[in-house]
Amino acid sequence: VLLFFLLSLLSCSKDAEVICTEEFRFIGVNVEGDSLTDYYTIRQKTADTIRLNQSVVFPDHTWYIILDDSFSTTLKNKSETFTFYGLVNGSQVISEDYIIKADECHISRESGVDLITL
């Protein structure tokens, strides 16, 4: 029995299929004070502009999306720097760098602030 158990452990594939959850993840930032009139994210590696244009307004702050799981395949098993820009009436008031990574399933924040006060 012990020999069978050891052989079965050795025969297991190291490339087992990963099972992902069906949740769709976002990385965002809370901005207190003034509301942004425009915002976007720049992928530093390619200088591409990402405009997700989704926010959630709360009584004392607004939550702005920086990046979402639609980039999980692009970032799979690596990390990159993204810069979030926020504008109020055409004037840039936010420029924050975020290092974002992804595994086989979802993106996650490696660094970057959670809260910005204007």
Side-chain angles (χ1 to χ4, degrees):
V1 174
L2 182 59
L3 181 60
F4 176 74
F5 178 71
L6 289 173
L7 287 175
S8 67
L9 283 177
L10 293 174
S11 67
C12 290
S13 171
K14 297 206 185 277
D15 296 327
E17 186 175 325
V18 174
I19 299 173
C20 298
T21 62
E22 290 188 25
E23 67 185 303
F24 193 74
R25 293 188 186 172
F26 304 88
I27 294 174
V29 61
N30 288 309
V31 178
E32 291 181 339
D34 212 352
S35 294
L36 303 178
T37 55
D38 190 20
Y39 62 96
Y40 55 92
T41 302
I42 300 288
R43 181 181 178 198
Q44 293 301 317
K45 182 177 182 178
T46 62
D48 290 339
T49 301
I50 303 159
R51 290 187 176 272
L52 296 174
N53 294 324
Q54 297 176 16
S55 61
V56 180
V57 179
F58 296 97
D60 59 343
H61 68 279
T62 304
W63 189 78
Y64 297 92
I65 296 177
I66 298 166
L67 202 66
D68 64 28
D69 259 350
S70 64
F71 275 81
S72 63
T73 55
T74 303
L75 296 175
K76 183 178 176 180
N77 297 321
K78 60 183 175 182
S79 63
E80 288 188 24
T81 301
F82 294 82
T83 304
F84 178 77
Y85 291 95
L87 294 90
V88 174
N89 299 323
S91 296
Q92 180 183 315
V93 294
I94 298 172
S95 173
E96 287 289 335
D97 288 338
Y98 292 83
I99 298 176
I100 299 173
K101 66 178 180 177
D103 57 19
E104 292 83 6
C105 303
H106 301 290
I107 61 170
S108 61
R109 178 189 331 233
E110 282 191 338
S111 70
V113 298
D114 292 326
L115 175 66
I116 297 170
T117 303
L118 298 179

Can you name the residues that form a side chain to side chain donor-acceptor pair (under 3.5 Å) with T46, not counting sequence neighbours? D48
Using the side chain to side chain donor-acceptor pair (under 3.5 Å) criterion, which residues pair with D97? Sequence neighbours excluded. T83
ILVMFWY cluster membership beyond I42 - transitive side-chain contacts under 4.5 angstrom: Y40, Y85, L87
Please tell me whether L118 and V57 are part of a single hydrophobic cluster in this structure, the criterion being side-chain heavy atoms less than 4.5 Å apart. no
Hits for salt bridge (Lys or Arg N to Asp or Glu O under 4.0 Å) against D38, two or more places apart or cross-chain, chain-then-number order -> R51
Which pairs with one or both residues in residues 73-92 pass salt bridge (charged side-chain N to carboxylate O under 4.0 Å, His left out), sequence neighbours excluded? R43-E80
One should read off an interatomic distance between Y98 OH and Q44 CD, to the nearest 0.5 angstrom, of 13.0 Å
Who pairs with E96 by side chain to side chain donor-acceptor pair (under 3.5 Å), at least two apart in sequence or on another chain? none
Residues in salt bridge (Lys or Arg N to Asp or Glu O under 4.0 Å) contact with E23, at least two apart in sequence or another chain: R25
Once rounded to the nearest 0.5 Å, what's the spacing between atom CD1 of I66 and atom OG1 of T41? 6.0 Å
Any residue meeting side chain to side chain donor-acceptor pair (under 3.5 Å) with D114, in chain and number order, not counting sequence neighbours: R109
Taking only residues two or more places apart in sequence, or in another chain, which ones meet I99 in a side-chain contact (heavy atoms from CB on, under 4.5 Å)? S79, T81, E110, S111
The complete set of side-chain hydrogen bond (donor to acceptor under 3.5 Å, both in side chains) pairs with one or both residues in residues 56-70, sequence neighbours excluded, reads N30-H61, D68-S70, D69-H106
